[in-house]
Undergrad: 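Here it is, the structure, as structure tokens.
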Protein chains: 2
Amino acid sequence: MRSRSVPAAVAASPGLPVDVVPIALSVDLVLLTVRDDQLCVLLVRRGIEPFRGRWALPGGFVRPQEDLAEAAVRELAEETGVRRRPAHLEQLATYGAPARDPRGRVVTVAFLALAPLSQAPVAGTDAAASRWAPVAGAGDPPGLAFDHQAILGDGLERARAKFEYSAVATAFCEPEFTVAELRRIYELVWGGRLDPRNFHRKVTGTAGFLVPTGRFTTRDGGRPAELYRRGDAGVLHPAMLRPTARPNP
Amino acid sequence: MRSRSVPAAVAASPGLPVDVVPIALSVDLVLLTVRDDQLCVLLVRRGIEPFRGRWALPGGFVRPQEDLAEAAVRELAEETGVRRRPAHLEQLATYGAPARDPRGRVVTVAFLALAPLSQAPVAGTDAAASRWAPVAGAGDPPGLAFDHQAILGDGLERARAKFEYSAVATAFCEPEFTVAELRRIYELVWGGRLDPRNFHRKVTGTAGFLVPTGRFTTRDGGRPAELYRRGDAGVLHPAMLRPTARPNP
DNA sequence: ACAATAGTGTCTTTGAGACACTATTGA
DNA sequence: TCAATAGTGTCTCAAAGACACTATTGT
């Protein structure tokens with residue numbers, strides 16, 4: 001490594017090599033929920049330049065003594081009033097194209113979060129500053145700020161893929177839910193319809209996915225449906241393969 | 001956000017809020033290859049504190065105008081003489097625990113890379129500074145520097161998972177290879193044995209995985225085996241499920 | 001009675017795994 | 001001839017998808 005003309009004061013820490021150039025690090029969240037029978041993403045309106053007035057993913061800068069996931073949860077609370085930790089939170093990817101922020105070098109660690117609407121009311125700051133946007137059409141026509149459109153796309157693809165082999169879909173559900181409600185969530189995330197009968201058999205036959213409560217509800221109309229809770233399965237056996245991922249015709 | 005007692009000179013860029021504290025950002029690589037019938041990871045010996053003399057993953061700090069993957073490839077060339085871009089390179093995850101580096105706040109973006117041994121000779125710097133270590137036992141007993149042991153574990157798990165539904169296994173192979181050579185790679189990464197006959201049927205029957213050349217080799221002994229090239233399939237249909245991931249007995 | 005939804009049974013097809021069998025080389 | 005590996009065929013079982021059928025509610 002050759003030496004670089006950077007003031008020594010810029011070094012992040014005395015122990016590090018002097019030619020290390022610190023970089024601003026942020027976190028951004030793709031927080032998804034189901035609302036009005038639509039898959040929605042939480043967006044905030046930018047109040048400052050750049051991209052002032054445009055919609056963006058919630059996020060902000062990491063503090064010196066804070067872990068990355070911790071920063072994500074804090075920013076969520078600060079910007080949108082969502083105080084509770086989302087039912088599911090995982091690191092998505094890190095975006096570091098040199099010109100992704102016109103202000104300078106900002107690298108962002110994106111997180112994917114899933115929560116039922118009841119846990120993410122969006123009531124903290126003023127209502128105009130944050131909203132749930134249906135993912136179909138989120139950010140059109142001007143598009144989201146920075147590279148957030150791409151981050152949202154990656155988050156959606158991650159969610160679709162994870163639905164196949166994990167039980168994260170239940171993160172969208174209230175504590176007790178019916179099979180039909182879970183199926184609707186799969187349909188919204190994957191797009192298209194799933195056969196209610198085969199879905200029921202698969203989901204109740206997969207070990208650790210659902211725990212029956214013995215109680216029933218008629219809130220969906222028709223014959224009473226049993227209520228279930230999330231099981232403890234991390235991965236699903238067998239997996240729930242999405243019909244769109246079929247090989248040939 | 002409350003204001004913090006940080007000199008303004010520390011801010012990464014004039015356009016950013018003054019209370020943004022820049023962080024040192026590095027990249028680290030989990031570069032895997034197959035050597036002497038073993039799955040190996042590339043390690044470098046640290047020449048400076050902290051962890052001086054300990055083995056670590058190759059990596060280094062990101063430069064101001066450089067993309068993350070670009071930094072990973074550059075560090076690989078600088079530290080180990082591996083000049084060619086690995087056959088497969090993907091972002092793994094970002095590690096940012098506040099105390100992961102005793103020198104100060106250093107967040108690292110880890111990459112997973114796969115390459116055939118012929119493309120990664122490890123000849124750049126002196127031989128004592130970098131080596132191929134079998135992943136079984138890499139870093140024992142003192143363990144790898146920093147949190148690199150955990151990063152290596154995550155990288156291996158990612159590789160194992162990706163072998164199921166993608167064709168990345170061919171990234172370990174020379175341009176032309178036999179089904180038996182590919183099978184051996186699956187066995188090394190997953191551990192355990194795979195039935196040669198069923199493996200052959202699966203792998204040749206999966207669209208886009210392998211392209212037959214029409215030429216044959218006897219380098220593995222026995223009846224001549226056909227040589228194949230990588231196909232263009234991104235994802236595999238059907239997937240190659242690992243036997244260890246079985247549900248019950 | 002009827003519409004609506006829950007849940008079960010049954011058939012077909014696909015693919016995984018076990019393993020017998022044939023094919024083609026070198027020693 | 002024999003050992004070794006390549007490659008095919010066949011059987012069984014598990015699971016997906018299609019869809020008929022029964023069950024239980026509200027209106």
Side-chain angles (χ1 to χ4, degrees), chain A residues 37 163-165 176-187 190 192-228 233 235-249, chain B residues 37 163-165 176-187 190 192-228 233 235-249:
Chain A
D37 204 46
F163 267 42
E164 294 203 64
Y165 58 89
E176 300 199 340
F177 53 89
T178 68
V179 172
E181 288 159 4
L182 183 64
R183 172 168 49 84
R184 191 71 195 122
I185 286 168
Y186 268 91
E187 291 177 338
W190 282 350
R193 292 275 160 179
L194 297 173
D195 185 287
R197 300 156 295 183
N198 290 334
F199 184 87
H200 189 283
R201 241 193 313 103
K202 268 165 76 168
V203 91
T204 54
T206 298
F209 197 175
L210 300 183
V211 179
T213 64
R215 266 166 300 114
F216 292 80
T217 181
T218 58
R219 65 189 179 211
D220 302 329
R223 169 176 167 181
E226 184 157 18
L227 288 164
Y228 292 86
V235 293
L236 300 182
H237 283 292
M240 305 275 302
L241 300 179
R242 40 184 159 168
T244 46
R246 288 273 75 77
N248 297 16
Chain B
D37 205 46
F163 267 42
E164 295 202 66
Y165 57 89
E176 299 199 341
F177 53 91
T178 67
V179 172
E181 288 158 5
L182 182 64
R183 171 168 50 84
R184 190 70 196 123
I185 285 168
Y186 268 90
E187 290 177 339
W190 282 349
R193 292 274 160 179
L194 297 172
D195 185 286
R197 300 157 294 185
N198 291 335
F199 183 87
H200 190 283
R201 243 193 313 102
K202 267 163 78 167
V203 91
T204 54
T206 298
F209 197 174
L210 300 183
V211 179
T213 65
R215 266 167 299 114
F216 291 80
T217 182
T218 58
R219 66 190 181 213
D220 301 330
R223 169 176 166 182
E226 184 158 16
L227 288 164
Y228 291 86
V235 293
L236 299 183
H237 283 293
M240 306 275 303
L241 300 178
R242 37 183 162 170
T244 45
R246 287 275 73 79
N248 297 16

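Here is the naming used below: chain letters follow the sequence lines, and residue numbers restart at 1 for every chain.
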Undergrad: So does A/Glu187 pair up with A/Arg184, basic N to acidic O under 4.0 Å?
TA: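 Salt bridge between A/Glu187 and A/Arg184, a charged N being under 4.0 Å from a carboxylate O: yes.
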Undergrad: Please give, in whole Å, the distance from D/dA15 P to A/Arg242 CZ?
TA: 21 Å
Undergrad: Could you state the atom-to-atom distance from CG of A/Leu241 to P of C/dT13 in whole Å?
TA: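 My rounded result for the distance is 20 Å.
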Undergrad: Could you state the atom-to-atom distance from CG of A/Asn198 to P of C/dT13 in whole Å?
TA: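 Taking atom P of C/dT13 as the reference, CG of A/Asn198 is at 16 Å.
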Undergrad: Quickly work out the A/Asp195 CG to C/dG9 P distance and round it to whole Å.
TA: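 In whole Å, C/dG9 P and A/Asp195 CG are 16 Å from each other.
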Undergrad: What about A/Phe163 and A/Tyr186, are their ring centers closer than 6.0 Å?
TA: yes
Undergrad: Report yes if some heavy atom in the side chain of A/Arg215 is under 4.5 Å from a heavy atom in the side chain of A/Glu226; otherwise report no.
TA: no
Undergrad: What is the distance, to the nearest angstrom, from the CZ atom on A/Phe216 to the P atom on C/dA4?
TA: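 It works out to 23 Å between those atoms.
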Undergrad: Do any side-chain nitrogens or oxygens of B/Arg223 fall under 4.0 Å of OP1 or OP2 in C/dG26?
TA: no
Undergrad: Look at the side-chain N and O atoms of A/His200 and state whether any lies under 4.0 Å from the OP1 or OP2 oxygen of C/dG7.
TA: yes
Undergrad: Is there a donor and acceptor pair, one atom on the side chain of B/Asp220 and one on the base of D/dA4, closer than 3.5 Å?
TA: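 In this structure, the two groups form no donor-acceptor pair.
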Undergrad: Using atom CD of A/Glu187 as one end and atom C1' of C/dT5 as the other, report the distance to the nearest whole Å.
TA: 14 Å
Undergrad: What is the distance, to the nearest angstrom, from the CG atom on A/Leu182 to the C1' atom on C/dA6?
TA: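 Those two atoms, CG and C1', are 15 Å apart.
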Undergrad: Please pick, from D/dG17, D/dG7, C/dT24, the nucleotide with the shortest atom-to-atom distance to any side-chain atom of B/Pro224.
TA: C/dT24
Undergrad: How many whole angstroms separate atom CH2 of B/Trp190 from atom C1' of C/dG17?
TA: 14 Å
Undergrad: Counting side-chain heavy atoms from C-beta on, which of C/dT24, D/dC21, D/dT8 comes nearest to B/Arg197?
TA: D/dT8
Undergrad: B/Tyr228 or A/Gly221: which one's nearest nucleotide on DNA chain D is closer to the 5' end?
TA: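 Result: B/Tyr228.
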Undergrad: Quick check for you: among D/dA6, C/dA18, D/dC19, whose closest atom lies nearest to any side-chain atom of B/Ala225?
TA: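 Nucleotide nearest to B/Ala225's side chain: D/dA6.
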